[in-house]
Q: 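Handing you a structure now.
What you see is a predicted model; the values in this text were computed from it and never measured. Each residue takes its place number in the sequence, starting with 1.
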Amino acid sequence: MNRDQEKIQIENEMNAMHGTTKEEILKDFEEFKDYLKKQVNRGKKLGLDDGKLVKSAAILGDYLKKHEEPQNSEEMLLQELWSVADEDEKQHLAQLLVKLVDKQ
């Protein structure tokens, strides 16, 4: 699956989370981390390697930056970091987020 296909799939999944589910995930940073952890575990079960997991997390970061308002101070910080990061730095930030939730 190429980056454009992955981006479309992630955007479709985010758009499919109507109402309270999406709001609940984004209102609390712990809920967001739990959601991300579930997605990382799901990716691992599907056989995705760390590189693809990080790429997917970066696509999710791009989606959130473009379509969602931060709901708490942690999300605000991540959005601000994402806004000033170049592509390489975004990959590193996505890698750190995957590592953070993978170690929980």
Q: Could you state the interatomic distance from CG (Leu97) to CG (Leu53), rounded to the nearest 0.5 Å?
A: 12.5 Å
Q: Are more than 12 heavy atoms, taken from residues, nucleotides or ligands other than Gln104, located less than 6.0 Å from that residue's CD atom?
A: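 Yes, enclosed.
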Q: Calculate, to the nearest 0.5 Å, the distance between atoms NE2 and CD belonging to His92 and Gln95 respectively.
A: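 The CD atom of Gln95 is 7.0 Å from NE2 of His92, to the nearest 0.5 Å.
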Q: Quick check for you: to the nearest 0.5 Å, what is the distance between Phe29 atom CZ and Asp34 atom CG?
A: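 If I round to the nearest 0.5 Å, the distance is 10.5 Å.
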Q: Step by step, would you call Lys33 with Glu30 a salt bridge (charged side-chain N to carboxylate O under 4.0 Å, His left out)?
A: CA-CA 5 Å; Lys33 289 191 319 185; Glu30 292 302 317; 3.3 Å; yes
Q: Go through the steps to decide whether Lys99 and Lys103 satisfy the test side-chain contact (heavy atoms from CB on, under 4.5 Å), and finish with yes or no.
A: CA-CA 6 Å; Lys99 188 176 183 178; Lys103 301 299 179 192; 4.3 Å; yes
Q: Does any part of the side chain of Leu78, heavy atoms only, come nearer than 4.5 Å to the side chain of Leu64, both counted from C-beta?
A: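 The answer is no, as the side chains (C-beta and beyond) never meet within the 4.5 Å cut-off.
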Q: Does the salt bridge (charged side-chain N to carboxylate O under 4.0 Å, His left out) test come out yes or no for Asp102 and Lys44, once each step is laid out?
A: CA-CA 11 Å; Asp102 200 28; Lys44 285 182 176 185; 2.7 Å; yes
Q: As an exercise, state the distance from CG of Asp49 to NZ of Lys55, rounded to the nearest 0.5 Å.
A: 9.0 Å
Q: What closest approach, in Å, do Arg42 and Gln39 show between heavy atoms, and which atom pair accounts for it?
A: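 Closest approach of Arg42 to Gln39, heavy atoms only: NH1-OE1, 2.9 Å.
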Q: Could you tell me the separation between the CH2 atom of Trp82 and the CG atom of Asp62, rounded to the nearest 0.5 Å?
A: 5.5 Å
Q: Just by modelled atom types, is the Leu77 backbone N or O under 3.5 Å from a matching donor or acceptor in the Glu80 side chain?
A: no
Q: Can you check side-chain contact (heavy atoms from CB on, under 4.5 Å) on Val98 and Asp50, steps first, answer last?
A: CA-CA 9 Å; Val98 168; Asp50 287 344; 5.8 Å; no
Q: Is Tyr63 reachable from Leu81 through a run of hydrophobic residues whose side-chain heavy atoms are each under 4.5 Å from the next?
A: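 Result: yes, single cluster for both.
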Q: For Gln91 and Ala58, which heavy atoms make the closest approach, and how far apart are they?
A: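 The pair with the smallest heavy-atom distance is NE2-CB, 3.4 Å.
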Q: Return yes if some donor-acceptor pair links the side-chain N/O of Glu68 with the main-chain N/O of Lys66 below 3.5 Å, else return no.
A: no
Q: Which heavy-atom pair separates Leu26 from Asn72 by the least distance, and what is that distance?
A: O-ND2, 3.6 Å
Q: Distance from Lys90 atom NZ to Ile59 atom CD1, nearest 0.5 Å?
A: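 So the gap between those two atoms works out to 12.0 Å.
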